Amino acid sequence: MAATSATTFSVGSTTSRCKGSSISQSKAFGVKFNSKNNLTSFNGLKVATNLSCESESSFLGKDSVAVLKQSITSKAQKENKGYGNYVQPQASYKVAILGASGGIGQPLALLVKMSPLVSELNLYDIANVKGVAADLSHCNTPSQVSDFTGASELANCLKGVNVVVIPAGVPRKPGMTRDDLFNINANIVKTLVEAVADNCPDAFIHIISNPVNSTVPIAAEVLKRKGVYDPKKLFGVTTLDVVRANTFVAHKKNLRLIDVDVPVVGGHAGITILPLLSKTKPSTTFTDEEVQELTVRIQNAGTEVVEAKAGAGSATLSMAYAAARFVESSLRALDGDSDVYECAFVQSDLSELPFFASRIKIGKDGVEALIPSDLQGLTEYEQKALDALKPELKASIEKGIGFVQKKAVAA
C-alpha cells in the first residue's frame with residue numbers, strides 16, 4: 001500500500017529524517033545526510049549529499065528506498081556542479097485545509113506543513129484559524145502559511161489550489177453513530193464543495209468529513225450540478241482503516257509493522273469496513289477466531305477511541321496522520337511518481353455500487369486505475385461480509401445523493 005511522505009528535520013543538526021511511501025506496503029525509511037564539507041542551509045534545514053539509508057518504522061517501504069536514494073543522489077550530483085553540497089526540496093504544490101482549526105485540522109495542518117512538496121498551505125475555518133496559522137508559520141519548513149476566516153474569505157483560500165482536504169464538521173460523541181453526523185456535516189460539505197467547484201475545479205478533493213459513505217456522493221452530486229465533476233479527482237479518505245488494520249495485525253501476530261500491509265475495502269463506517277486479512281502481506285495465517293476479532297476491532301476502532309476519550313473527542317490524531325499520508329501520496333503522484341497506491345472510497349465499477357473503497361493507483365490526473373485483484377479469491381468469511389455490507393453502503397450512498405437532490409428541489 002502506498003503511503004505518504006511527511007518529512008521531519010532535526011534543526012541545527014547534520015541529520016534529517018524523511019518519511020515517504022512504497023508501492024505495496026506502509027513502511028519507514030531514514031535518510032541520514034552526513035558531510036565533512038560545510039553544510040548549506042535551506043530554511044534552517046541542514047543537508048548534504050552523502051547518504052546512508054536505514055529502514056525504520058512508518059511510511060516508506062523497501063521498494064521505494066532505492067528509488068528515493070537514487071533520486072536524491074542524482075539531484076545532489078547536479079547541485080554539486082555549481083552550488084556546493086546540498087539537496088533543495090522542490091516545494092511546488094498548493095494545499096488547502098478546510099476546517100483547519102478543528103481536532104483533525106490542526107494536527108493535519110502540522111503534518112502537511114512538514115511536506116517538502118508543499119509551497120503554500122492555506123488554512124480555512126469559520127473561527128480560530130489565525131492562531132493556528134501564526135503558530136505553524138514559525139515552523140522552518142518550505143511552505144508559506146496563510147489563514148482565511150469565514151465564508152467571505154473562502155474563495156480566496158481556494159484560488160489556484162492543487163489539493164483540497166475537507167475535515168470540516170462535528171466529531172462523533174459517545175452514543176453517536178456516523179449516521180447521526182449526517183444532517184450537520186452534509187450541509188457543511190455541500191457548501192465547501194460548491195466553493196471548490198467555483199474556485200479550483202481541477203483540484204484533487206479529499207473528503208474526510210463523516211459519514212464518508214454519504215459525504216463523497218454529496219460532493220459528487222454538487223460537482224455534477226456545477227458541471228465540473230471529474231470522478232478521478234474525488235477521494236473519500238479511508239486510509240485510517242488501513243493504518244489501523246496494519247497496526248492491529250502486526251501487534252496480534254508479532255510482526256514488524258514495517259512489513260505489514262492489509263487492504264481494506266467497502267466503505268468507511270461499521271460493517272462497511274472490510275479488512276481483507278487473507279490478502280495480508282507478508283502472507284499470514286489467522287484462525288477463525290482471530291479473523292472475527294480483528295475484523296470487528298478494525299470496524300469499531302473509531303468507537304474505541306470515542307469511548308476512551310469519554311466525550312472529549314474522537315479519533316483526531318490518528319485520522320490526521322492517515323489523512324497526511326494520503327495527501328502526501330497525492331502530492332507525489334502530482335509530482336510524477338508513477339508508483340503511488342492507496343485505498344480510497346471513489347467512484348468505482350468493481351461492484352454494483354457507484355462508490356466503493358478499494359486499492360487504487362493515483363497518477364497526475366487522479367485515479368489512474370482501480371485494482372481488482374484484492375477482491376479475487378476471497379475467503380468464505382470475507383465474501384459473506386462483502387455481501388452483507390453492500391445494502392448498508394448502498395443506503396448511505398443513496399442518502400447522500402438524495403440530500404443534494406432535495407436541496408435542489410427546495411431551491
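Values in this document were obtained by computation on a predicted structure and should not be read as measured data.
In this structure, a donor-acceptor pair under 3.5 Å is present between the side chains of E382 and S278. Side-chain N/O atoms of T272 and E392 include no donor and acceptor closer than 3.5 Å. At a cut-off of 3.5 Å, with distance as the only test, no side-chain donor of K253 or T284 sits close to an acceptor on the other residue. No hydrogens or angles considered: a donor-acceptor pair under 3.5 Å links the side chains of Q292 and Y381. Side chains of E368 and Y341: no donor on one and acceptor on the other come within 3.5 Å. Side-chain contact of S101 with N128: a donor-acceptor pair under 3.5 Å is absent, judged by distance alone.
Remark: R297 does not engage E293 in a salt bridge, criterion side-chain N to carboxylate O under 4.0 Å. A salt bridge between K279 and D374 is absent, with no side-chain N of the basic residue lying under 4.0 Å from a carboxylate O of the acidic one. For K232 and D365, the salt-bridge test fails: no basic side-chain N is under 4.0 Å from an acidic carboxylate O. Between E290 and K252, none of the side-chain N atoms (NZ, or NE/NH1/NH2) sits under 4.0 Å from a carboxylate O, so this pair counts as no salt bridge. The residues K384 and D387 are annotated as not salt-bridged, no charged nitrogen and carboxylate oxygen being separated by less than 4.0 angstrom.
Within 6.0 Å of NZ in K361 there are more than 12 heavy atoms belonging to other residues, nucleotides or ligands.
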